[in-house]
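Here is the naming used below: chain letters follow the sequence lines, and residue numbers restart at 1 for every chain.
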Number of protein chains: 2
Amino acid sequence: RILHFIHLNLHQSGHSAIGILDMSIDALNLGTRENIATITEETPIIDALNLFAKKRISALPIVDKDGVVIDIYAKYDVINLARERTYTNLSIPVKTALSYRSSDFEGVQTCRLTDTLGEIINKIIRANVHRLIIVDGARRLQGILSLSDILSMLVR
Amino acid sequence: RILHFIHLNLHQSGHSAIGILDMSIDALNLGTRENIATITEETPIIDALNLFAKKRISALPIVDKDGVVIDIYAKYDVINLARERTYTNLSIPVKTALSYRSSDFEGVQTCRLTDTLGEIINKIIRANVHRLIIVDGARRLQGILSLSDILSMLVR
Ligand SMILES: Nc1ncnc2c1ncn2[C@@H]1O[C@H](COP(=O)(O)O)[C@@H](O)[C@H]1O
Ligand SMILES: Nc1ncnc2c1ncn2[C@@H]1O[C@H](COP(=O)(O)O)[C@@H](O)[C@H]1O
């Protein structure tokens with residue numbers, strides 16, 4: 001049924017519908033691959049807030065010193081943080097803030113450049129997330145693919 | 001506990017913490033009040049997608065001919081739409097697309113210009129939404145107050 005949706009849409013918007021869901025996001029050049037804003041576990045919360053505000057993005061991959069993606073900090077986590085009383089100020093590191101994240105957090109959702117658009121859409125729906133972090137085989141950050149990128153493709 | 005969070009943050013960012021949570025969003029001049037992008041129930045889905053992409057916003061209030069807010073169409077609804085097989089193309093009106101929305105949708109979350117920041121934050125957390133639609137006593141559209149607006153206040 002997703003196939004049906006995208007087929008029709010891509011057709012409408014002038015793309016050839018044939019096979020596009022079977023194309024990799026790499027081939028489709030989908031998502032942001034350069035100048036990805038990231039943070040580490042040690043980044044103060046206030047710096048993450050500033051990145052959200054200035055870059056107008058809704059999530060920041062958390063990477064280790066080797067560029068391996070270990071978690072994600074999303075704009076929405078900030079308001080969740082407000083539920084907790086166990087921190088003191090915005091200079092605390094992201095790590096401390098996330099230690100209070102509710103236990104139903106399923107972990108950061110990733111994808112590969114070789115994944116097809118069809119696989120990506122299924123994953124976004126299943127995980128109920130706004131974006132997937134694109135990683136390589138060693139889980140190093142390659143980019144971000146957000147709902148915004150898929151929408152842009154549909155309307156261009 | 002939210003009081004605690006905001007108190008500290010506003011203090012840190014140079015605001016006086018005293019009473020700010022008891023101030024109305026009107027007094028705080030919080031949220032977007034002008035040039036609100038809206039749609040009607042008859043707006044074709046493709047037009048809504050174009051507004052998301054061009055204006056870089058994540059939701060559109062659905063208003064009737066008197067400017068009364070009757071629903072909301074969010075960027076996320078587009079991927080949910082893909083779950084359904086009952087529509088045919090992107091020229092269908094928003095109304096038809098939303099008729100397939102899952103039954104756990106709680107309705108559009110609104111607030112008033114006279115609501116205090118404290119009330120707003122509680123409502124956003126309770127409803128687990130990204131923004132509230134600001135309405136007047138007759139439920140006519142007055143503006144939008146999003147998580148982005150609260151974050152901007154914290155960092156400025
Ligand atoms: N942390 C990030 N760094 C750079 N670009 C991003 C980041 N997060 C999202 N984007 C891109 O910014 C646009 C808006 O994404 P979003 O905020 O998720 O709607 C999309 O083109 C994303 O690929
Ligand atoms: N439909 C809309 N029309 C105009 N401004 C909006 C709309 N939705 C959100 N905004 C504003 O755009 C900014 C980003 O909001 P958001 O996309 O919800 O993160 C915030 O300043 C909102 O107040």
Region of L151(A) in contact with chain B, defined by heavy-atom distances below 4.5 Å: side chain

How long is the span from the [atom1] atom in [X] to the [atom2] atom in [Y], to the nearest 0.5 Å?
X      : Y       : atom1 : atom2 : value
R56(A) : S152(B) : CZ    : OG    : 9.0 Å
K75(B) : I150(A) : NZ    : CD1   : 11.0 Å
D77(A) : L147(B) : CG    : CG    : 10.0 Å

Side chain to side chain contact (heavy atoms under 4.5 Å, CB included) for Y76(B) and N128(A)? Distances and angles first, verdict last. CA-CA 9 Å; Y76(B) 207 88; N128(A) 193 32; 3.2 Å; yes

Are more than 12 heavy atoms from other residues, nucleotides or ligands located less than 6.0 Å from atom CG of D66(B)? yes

